[in-house]
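Each chain gets a letter, A, B and so on, in the order the sequences are listed, and its residues count up from 1. Below, all heavy atoms of this structure are taken into account, side chains as well, without hydrogens, waters or symmetry copies.
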There are 2 protein chains.
Amino acid sequence: MSKINLTIQRKAILEVIQQSHDHPTAADIMERLREEGRSFAYGTIYNSLRYLTDAGMIRELKLGETASRYDARTDEHQHIVCKSCGRVEEVLTELPAEWVSRVAEETKFKVLHADVVLEGMCESCASQ
Amino acid sequence: MSKINLTIQRKAILEVIQQSHDHPTAADIMERLREEGRSFAYGTIYNSLRYLTDAGMIRELKLGETASRYDARTDEHQHIVCKSCGRVEEVLTELPAEWVSRVAEETKFKVLHADVVLEGMCESCASQ
DNA sequence: TACAGATTTATACTTAGTCTAAATCAAAAT
DNA sequence: ATTTTGATTTAGACTAAGTATAAATCTGTA
């Protein structure tokens, strides 16, 4: 029954993520807030990111880098990373359900969820 | 032309990984070596893991946990993690090439590689 | 207005890993 | 057999990302 409690800090952090299209890290978010003149305590950033993630308002992305990134798109989708410039983009083409069910058969797991990180070269890097 | 230089330390670390079937972390490997009475400097473990990874003798797995794991299987395959007990298993069912090429079309990336981490419940956890 | 619970803040701490400089080792050159 | 050279190991300092804690502050209800 817990209703959502969007404090000023949480709202500000959510807005930064919604306005960013590069999947910012916690450090990126802190920096952008500081630039806008509204900086919060270090721990508040992490607390809020967890709160927003748990509330389903953002998604935490673990793409194999050292820091987590955050994404305002919460619908089912995957990500692709450019090895050359580091750019992260959304992948909306859906993973075939048929493949997932074959994995379930192979492993005898009940599969809840699949996270795919593709690596490659983006168009602008490739053209150089 | 650099030939492979397997020092005593590197060989010991490689052996631990080859004999483990749970995808150990650096800390796990250190512990297992200590149990066998052959413990090396902290930094040597990390150095050697990087060396063996670069030499293609092991694979580093980033499964979204805090620490990397290491796998003696270097052939193309994916992983599935049990949310309940943490067990990590291999997934040999191949990702459809057709899906990957549709992603390449969608994103205009040249795709080099796809890493899938599935999450679910393993057979023994599910039966409880 | 006062209290209770939740949130923020500042700061200490933890974990996983990198960096550095000195010591050691191993193989080639003398 | 000894020296030199380059690679590796070691110990320990350092870094990055995130967690934990306790005091201060805020918010909303009695």
Side-chain angles (χ1 to χ4, degrees), chain A residues 1-17 20 22-34 36-55 57-71 81 86 88 117, chain B residues 1-17 20 22-34 36-55 57-71 81 86 88 117:
Chain A
M1 199 93 324
S2 55
K3 71 181 289 286
I4 288 164
N5 178 6
L6 271 196
T7 61
I8 292 169
Q9 291 84 347
R10 290 173 184 168
K11 190 137 79 177
I13 289 164
L14 177 59
E15 281 167 12
V16 168
I17 297 169
S20 300
D22 59 346
H23 309 83
T25 63
D28 293 332
I29 295 165
M30 268 186 265
E31 196 191 322
R32 285 169 206 185
L33 286 166
R34 208 174 322 109
E36 294 175 15
R38 38 185 193 168
S39 49
F40 308 122
Y42 192 76
T44 300
I45 306 286
Y46 283 101
N47 269 344
S48 301
L49 288 170
R50 179 151 35 186
Y51 179 91
L52 294 168
T53 304
D54 291 347
M57 307 182 77
I58 60 174
R59 261 183 65 183
E60 182 182 8
L61 308 181
K62 296 187 168 175
L63 305 181
E65 300 162 306
T66 55
S68 286
R69 291 170 173 267
Y70 294 89
D71 192 342
V81 182
V88 174
V117 180
Chain B
M1 198 90 324
S2 56
K3 71 180 288 288
I4 289 164
N5 178 6
L6 271 195
T7 61
I8 291 169
Q9 291 84 348
R10 290 173 184 167
K11 190 139 74 176
I13 289 165
L14 177 59
E15 280 168 11
V16 167
I17 298 169
S20 301
D22 59 347
H23 308 83
T25 63
D28 293 332
I29 294 165
M30 267 185 267
E31 196 191 323
R32 287 171 205 183
L33 285 167
R34 210 175 320 109
E36 294 176 14
R38 38 184 192 167
S39 49
F40 308 121
Y42 193 76
T44 301
I45 306 287
Y46 284 102
N47 268 345
S48 300
L49 289 170
R50 179 150 36 185
Y51 179 91
L52 294 168
T53 303
D54 291 348
M57 309 183 76
I58 59 174
R59 262 182 65 184
E60 181 181 10
L61 308 181
K62 296 188 169 174
L63 306 181
E65 300 161 306
T66 53
S68 286
R69 292 171 173 265
Y70 295 88
D71 192 341
V81 182
V88 175
V117 180

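Here the side chains of B/V117 and B/L61 are not in contact, with every heavy-atom distance at 4.5 Å or above. B/D28 is not listed as a side-chain neighbour of B/Y70, based on a closest heavy-atom distance of 4.5 Å or more. Side-chain contact check for A/E36 versus A/V16: some heavy-atom pair is nearer than 4.5 Å. Residues B/D71 and B/V88 fail the side-chain proximity criterion, which asks for heavy atoms closer than 4.5 Å.
Contact check, A/N5 against C/dA6: no side-chain N or O comes under 4.0 Å of OP1 or OP2. Side-chain N/O atoms of A/T44 include one lying less than 4.0 angstrom from OP1 or OP2 on C/dT9.
The CE atom of A/M30 sits 14 Å away from the C1' atom of C/dT9 (whole-angstrom rounding). A straight line from OH of A/Y46 to C1' of C/dT14 spans 13 Å, rounded to a whole angstrom. In this structure, B/K62 atom NZ and C/dA16 atom P are separated by 14 Å, rounded to whole Å. A/Y42 has its OH atom 14 Å from the P atom of C/dA12, to the nearest Å. When rounded to the nearest whole Å, the span between NZ of A/K3 and C1' of C/dG5 equals 15 Å.
Between A/A26 and B/N47, the one whose closest nucleotide on DNA chain D sits nearer the 5' end is B/N47.
Between the axis at the start and the axis at the end of the helix from C/dT1-D/dA30 to C/dT30-D/dA1 there is an angle of 0°, using five pairs per end and rounding to 10 degrees.
Of all the heavy atoms in A/R10 and A/S48, the pair that sits closest is CG-OG, 3.6 Å.
Heavy atoms of A/S68 sit under 4.0 angstrom from primed sugar atoms or phosphate atoms, though from no base atom.
Distance check: B/L52 CG to B/E60 CD gives 11.5 Å after rounding to the nearest 0.5 Å. Taking OG of A/S39 as the start and CZ of A/R32 as the end, the distance is 15.5 Å to the nearest 0.5 Å. Interatomic distance, A/N5 CG to A/K11 NZ, rounded to the nearest 0.5 Å: 10.5 Å.
A donor-acceptor pair shorter than 3.5 Å cannot be found between the side chains of A/T44 and A/N47.
When DNA chain D is scanned in the 5' to 3' direction for atoms under 4.0 Å from non-hydrogen atoms of chain A, the outermost contacting nucleotides are D/dA17 to D/dT19.
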